There are 2 protein chains.
Amino acid sequence: MTSIKTVAQRAQVSIATVSRVLNGTKYVSPDIKQRVLEAVEALNYHPNAPARNLRRQRTQSIGVLIPQLNDLFFSDLAYVLEKSLFAAGYTPLFCSTENDEEKEMMSVDNFINHRVDGVILIPSVPGSKSVNSVERLLERQIPIVLVDRAMPEFQVNQVIINNQQGGYSAADYLLRLGHRHIGVVDAIGEPARYIGEPGYERTSGVQQAMLAHGVLFDNRLVIMDRLGKMEMGYHGALRLLRQSSHVTAIFALTDAIAVGVLRAASELGLHVPRDLSVIGFDDMVLASHVTPRLTTVAQPIENIGQTATRLLLGQIQASSAPPETVILETKLVIRESTAPPR
Amino acid sequence: MTSIKTVAQRAQVSIATVSRVLNGTKYVSPDIKQRVLEAVEALNYHPNAPARNLRRQRTQSIGVLIPQLNDLFFSDLAYVLEKSLFAAGYTPLFCSTENDEEKEMMSVDNFINHRVDGVILIPSVPGSKSVNSVERLLERQIPIVLVDRAMPEFQVNQVIINNQQGGYSAADYLLRLGHRHIGVVDAIGEPARYIGEPGYERTSGVQQAMLAHGVLFDNRLVIMDRLGKMEMGYHGALRLLRQSSHVTAIFALTDAIAVGVLRAASELGLHVPRDLSVIGFDDMVLASHVTPRLTTVAQPIENIGQTATRLLLGQIQASSAPPETVILETKLVIRESTAPPR
DNA sequence: TTATCTCAGGAAAACGTTTACCCAAAACTC
DNA sequence: GAGTTTTGGGTAAACGTTTTCCTGAGATAA
């Protein structure tokens with residue numbers, strides 16, 4: 001494969017000059033520059049990134065740990081991250097952790113081997129598993145940004161949304177419509193939730209709203225289990241509606257879950273929103289295309305991605321930059337799946 | 001950062017020996033091996049991948065060009081690919097091409113710079129844009145596998161499904177149910193389709209089925225436009241149903257499109273499947289969770305991903321391996337969105 | 001015992017860049 | 001015009017591995 005040496009020979013200059021032309025790192029007289037560029041063109045020269053990275057001691061690449069690349073929400077996030085990293089001249093290395101601690105660790109090691117300049121970490125829900133990853137990276141002083149789920153125990157960049165407020169606004173809306181029996185359906189395994197976990201925070205927002213409206217929060221109306229999100233939405237809602245027939249509204253912790261809830265309702269002969277109001281979270285494209293169109297709490301996903309890369313690159317370029325936590329707001333989007341109870 | 005040198009010093013051996021222990025490339029006596037491993041552990045040593053890649057002249061990384069990371073289907077594919085590449089010890093470099101020729105080219109160059117060992121290319125639909133990418137890679141003798149869309153003009157590995165047969169079986173099923181006026185909704189921009197493009201092939205399968213049943217294929221019942229998939233399904237179906245009220249069934253070229261079609265039907269007061277049958281393609285999880293559950297043509301997506309990595313790695317490991325084209329079969333999955341016409 | 005062979009492990013040469021350092025010539029300064 | 005500064009471009013030393021080649025010691029053979 002043609003190397004910088006070949007180019008130098010052909011252009012009748014030293015390899016240093018070629019490097020300088022290519023990187024614009026020092027003034028080179030126009031005629032020589034011209035010669036070099038012609039040689040590069042003629043030889044179809046592509047600089048060897050491993051060699052460059054080795055010498056430069058940085059790689060212009062960012063590791064991205066994401067729970068599942070094919071999840072409705074996370075794939076959107078991955079898309080946004082890829083776009084903004086690309087725009088900034090960085091190559092992302094994606095890895096689906098799949099809630100598999102071992103795979104996550106292996107990927108972190110892989111990132112370290114590759115000498116990535118930084119890592120974007122969407123902590124695996126549920127549990128505190130990602131703690132080890134974070135510690136491992138911090139130990140090596142690799143810049144980090146946490147996305148989607150807060151981990152208050154670490155002093156690192158974090159980009160999250162105001163999940164509590166999101167849950168609050170959803171419940172508040174339902175309560176104002178007149179609902180008094182509101183169920184919550186989630187797709188998470190562990191009954192013990194962790195502070196900072198989006199689902200926990202959203203549910204906690206619901207509780208607060210109910211408190212504010214003087215309505216009793218019934219824990220038995222919170223259903224969770226460990227299945228695919230849509231699957232869980234379906235089974236969870238079935239269970240919930242069968243065991244508590246007075247429920248008139250369901251807050252699904254995710255649009256994907258909401259889709260499952262809609263199916264359960266339909267199967268039980270309940271018309272949405274006449275017999276049952278359903279509200280989702282995320283505002284994926286899907287939400288506005290499902291029937292009935294889903295009322296949901298929107299996340300500013302584009303903004304999340306951009307902020308994450310901004311913080312991370314900021315820290316990479318000026319290592320003195322102190323870690324920042326950015327909390328973005330959600331927005332209730334009212335569509336067709338919610339109505340006053342009958 | 002600690003290097004192999006540090007490890008060697010601590011273990012009182014030469015760096016060559018450390019390398020040998022770590023790579024198992026030559027017999028090393030147990031006691032020395034032990035010493036080395038202890039030193040590695042104690043120093044938390046992580047071998048420098050750029051240096052290794054430079055020296056080895058291969059990187060254990062694979063470039064993956066995918067139209068959109070957040071597309072319902074492609075994100076699934078990305079997920080499967082990541083999984084199987086990871087299992088084989090390769091790191092994928094993903095890039096969303098977004099139907100942007102320039103970005104695609106830049107990514108290909110980036111892959112070349114990184115000296116990826118191979119490339120998995122899901123050609124950007126629509127058009128022949130990816131031709132340049134393929135040529136560029138072939139020129140450099142970089143192993144390639146094309147996925148999802150065939151490009152018969154190239155002698156490279158290809159993994160596709162039998163789209164024609166898929167379209168055929170869908171239409172055949174509708175025809176057997178008694179439907180005679182079948183619309184097709186697609187989400188592609190160009191009216192001129194290319195051979196090998198999934199949408200083209202699927203539609204062609206529909207035509208063949210209708211021919212076989214002696215039913216006239218009406219070109220005016222094929223709707224396509226360039227929008228988001230769900231968006232297009234919605235608008236396309238609206239247009240179709242308004243202008244051709246005798247249509248009793250719609251073949252959506254994608255499950256995502258089908259979701260939009262369902263919404264359009266609902267908005268027009270048409271009950272699915274009583275007034276209108278809808279059939280999708282892909283069999284995403286979504287398909288079985290939407291209401292009504294979608295009849296669809298299933299792609300063996302897991303198999304597609306595994307086959308793609310198998311072919312690619314095969315070629316990488318034995319460069320003599322001749323390019324192969326694997327065509328996988330689809331399977332009609334009958335659910336609730338189809339019924340005989342009234 | 002001596003000659004040959006085997007083999008564990010070390011020395012050093014690559015791999016392809018970037019960059020610190022150096023030098024000669026040109027450009028100033030007075 | 002002599003001394004000083006600037007500057008365009010070359011030389012060579014890194015960066016951290018893997019791997020070829022070599023060596024000396026122990027094993028084997030006669």
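Residue numbers begin at 1 in each chain, while the letters A, B, ... track the order of the sequences. Not measured: the values here are computed from a predicted model.
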So, does the side chain of [X] form a donor-acceptor pair with the base of [N] at under 3.5 Å?
X	N	result
R20(A)	dG10(D)	yes
R55(A)	dT17(C)	no
K26(A)	dG9(D)	yes

From dG16(C), dT18(D), dG9(D), pick the nucleotide closest to the side chain of R56(B)?
-> dT18(D)
Which listed nucleotide (dG16(D), dT17(C), dA12(C)) is nearest to the side chain of A16(B)?
-> dA12(C)
Give a yes-or-no answer on whether the side chains of T307(A) and N303(A) include a donor-acceptor pair shorter than 3.5 Å.
-> yes
For residues N44(A) and E139(B), is any side-chain donor paired with an opposing acceptor at under 3.5 Å?
-> yes
Take atom [atom1] of [X] and atom [atom2] of [N], then tell me their distance rounded to the nearest Å.
X	N	atom1	atom2	value
R35(A)	dG8(D)	CZ	P	15 Å
R58(A)	dA14(D)	CZ	P	20 Å
N48(B)	dT18(D)	CG	C1'	13 Å
K33(A)	dG8(D)	NZ	P	12 Å
L54(A)	dC15(C)	CG	C1'	9 Å
N113(A)	dT18(D)	CG	P	11 Å
M1(A)	dT17(C)	CE	P	11 Å
Q9(A)	dG16(C)	CD	P	13 Å

Heavy-atom nearest nucleotide on DNA chain C taken for R52(A) and for I32(B); more 5' hit belongs to I32(B)
Select from Q12(B) and R115(B) the residue whose nearest nucleotide in DNA chain C is closer to the 5' end of that strand.
-> Q12(B)
Looking at every strand, decide which applies to [X] at a 4.0 Å heavy-atom threshold: base, sugar-phosphate, or nothing.
X	result
S19(B)	base
P47(B)	sugar-phosphate
I15(A)	base
N53(A)	nothing

More 5' along DNA chain D: D31(A) or N23(B), using each one's nearest nucleotide?
-> D31(A)
Value rounded to 0.5 Å, distance of CE in M151(B) from OG1 in T325(B) = 12.5 Å
Going from OH on Y90(A) to CG on L312(A), what distance comes out if it is rounded to the nearest 0.5 angstrom?
-> 8.0 Å
With a 4.0 Å cutoff (strictly under), does any side-chain N or O of [X] reach OP1 or OP2 of [N]?
X	N	result
Q57(B)	dT18(D)	no
S29(B)	dG9(C)	yes
S14(A)	dG10(D)	yes
T17(B)	dG10(C)	yes

Measure from the side-chain N and O atoms of K5(B) to the backbone N and O of I15(B), and report whether any donor-acceptor pair falls under 3.5 Å.
-> no
Q60(A) side chain to G89(A) main-chain N or O, any donor-acceptor pair under 3.5 Å?
-> yes
